[in-house]
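Computed from a prediction, not measured in an experiment: that's the story for all the values here.
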Amino acid sequence: MFNDISRALSPELPHDLGTMDQHLDFILPKVIPFGEDLREEHFWLGKRWKEVRDDEGFHEAILHIFNPGGEYLLSLDGNLIKGSWRKLGNENSLILEVAGRSELFDLRFLNAEFIILTKHGDQARKGQRKYFCLVYERAVRGRGGELDWRNIMEKLFNIWRENSLGLWAWITLIAVIGLIIYFSVR
């Protein structure tokens, strides 16, 4: 019930944002205060993270699994490639090493259902996607099958909607009820 009231009083996610990167540019500043960091490993270790892209030709099932001890597994349509991961000092950054290649990613958002990373450097200038979006595999499943990237962006936006406006919605509702009771008793 609380979430329904929050959603009723909150704005909708704009539908004209375009690409997934543009959606994330809009959503991330709103949800970052509700995220975690890489030190809280119970949010992300030992889980199956599905890679999400908005590329028209992207149909592969890509899973990323970060196991304790630095083991990294990359599943491409069920075919496993072993690698390793490690945190970069006290930074919220991950180094992923797989197939002789090392890449540095900075954490943008993390909770129990989302890991959103950016590869260090200006990827857009190189014609590559800006964000590396991973969603907990169970959270991607909807009633009619797997959610598409737009529904996943809506789910991410709901984190802000349900957390930031929930308190204000309840304060407003209680104030209105209080005013109604006050004026009806007078």
Side-chain angles (χ1 to χ4, degrees), residues 1-66 91-94 96 105-120 122-124 127-176:
M1 184 170 99
F2 299 124
N3 290 342
D4 293 337
I5 291 171
S6 296
R7 286 184 186 165
L9 297 174
S10 67
E12 291 294 316
L13 178 62
H15 295 287
D16 60 346
L17 291 173
T19 67
M20 190 170 84
D21 281 354
Q22 291 167 323
H23 276 75
L24 289 167
D25 284 340
F26 179 81
I27 297 168
L28 282 175
K30 294 171 179 15
V31 299
I32 284 173
F34 308 107
E36 309 300 335
D37 61 39
L38 292 173
R39 288 179 299 204
E40 299 180 76
E41 293 179 343
H42 65 277
F43 282 101
W44 60 283
L45 287 185
K47 294 170 74 172
R48 294 163 53 131
W49 295 96
K50 185 164 177 63
E51 186 171 332
V52 177
R53 296 186 195 171
D54 62 350
D55 303 343
E56 198 62 36
F58 178 72
H59 301 290
E60 294 84 10
I62 301 177
L63 291 178
H64 302 264
I65 303 164
F66 305 92
E91 303 294 323
N92 259 334
S93 298
L94 278 177
L96 298 181
F105 292 94
D106 297 317
L107 180 68
R108 293 299 311 272
F109 182 76
L110 167 68
N111 74 357
E113 293 186 337
F114 290 92
I115 298 177
I116 300 173
L117 305 163
T118 53
K119 188 172 177 182
H120 193 75
D122 187 2
Q123 301 308 311
Q128 297 184 7
R129 60 195 162 109
K130 183 176 180 180
Y131 296 102
F132 184 45
C133 183
L134 305 176
V135 182
Y136 182 44
E137 187 179 35
R138 291 183 189 165
V140 180
R141 296 184 188 128
R143 292 185 185 126
E146 283 202 2
L147 300 175
D148 70 352
W149 72 267
R150 282 184 167 73
N151 289 324
I152 291 169
M153 293 299 103
E154 187 75 34
K155 189 175 188 113
L156 180 62
F157 187 67
N158 285 341
I159 294 168
W160 171 75
R161 195 181 315 193
E162 292 167 1
N163 285 296
S164 67
L165 295 177
L167 178 62
W168 288 110
W170 282 108
I171 291 171
T172 304
L173 182 64
I174 291 169
V176 168

Test item: N92 side-chain N/O and L38 main-chain N/O as donor-acceptor pair under 3.5 Å =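 Confirmed, N92 side chain pairs with L38 backbone.
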Spell out, as yes or no, whether a donor-acceptor pair under 3.5 Å connects the side chain of W49 to the backbone of F66.
->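 Pair absent, no side-chain N/O of W49 close to backbone of F66.
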Which pair of heavy atoms, one from [X] and one from [Y], lies closest together, and at what distance?
X    : Y    : answer
T19  : W149 : C-CH2, 3.7 Å
K155 : A139 : NZ-O, 3.4 Å
F105 : L96  : CE1-CD1, 3.7 Å
R48  : L63  : NH2-CD1, 3.5 Å
C133 : I116 : SG-CG1, 4.3 Å
M20  : R53  : CE-CA, 3.9 Å

Report yes if some heavy atom in the side chain of [X] is under 4.5 Å from a heavy atom in the side chain of [Y]; otherwise report no.
X    : Y    : result
L94  : L107 : no
F132 : E51  : yes
F109 : L24  : no
L17  : M153 : no
I159 : F114 : yes

Less than 3.5 Å apart, which donor and acceptor atoms pair up between the side chains of residues 25-33 and the rest of the protein, not counting sequence neighbours?
residue: D25; atom: OD1; partner: K130; partner atom: NZ; Å: 2.9
residue: D25; atom: OD1; partner: Y131; partner atom: OH; Å: 2.5

Calculate, to the nearest 0.5 Å, the distance between atoms [atom1] and [atom2] belonging to [X] and [Y] respectively.
X    : Y    : atom1 : atom2 : value
K47  : I65  : NZ    : CD1   : 12.5 Å
L110 : L134 : CG    : CG    : 10.5 Å
I152 : E113 : CD1   : CD    : 10.5 Å

Salt bridge E154-R161, side-chain N to carboxylate O under 4.0 Å |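 Counted as a salt bridge, because a side-chain N and a carboxylate O are separated by less than 4.0 Å.
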Identify whether the distance between the nearest side-chain nitrogen and carboxylate oxygen of R39 and D37 falls below 4.0 Å.
->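 Looking at R39 and D37, the cut-off is met.
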Measure up the F157 and W160 rings against each other and bin them: parallel (under 30°), tilted (30 to 60°), perpendicular (over 60°).
->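 Rings of F157 and W160: tilted, 30 to 60°.
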Please name all residues satisfying side chain to side chain contact (heavy atoms under 4.5 Å, CB included) with E91, sequence neighbours left out, ordered by chain then number.
->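 Here the qualifying residues are S93.
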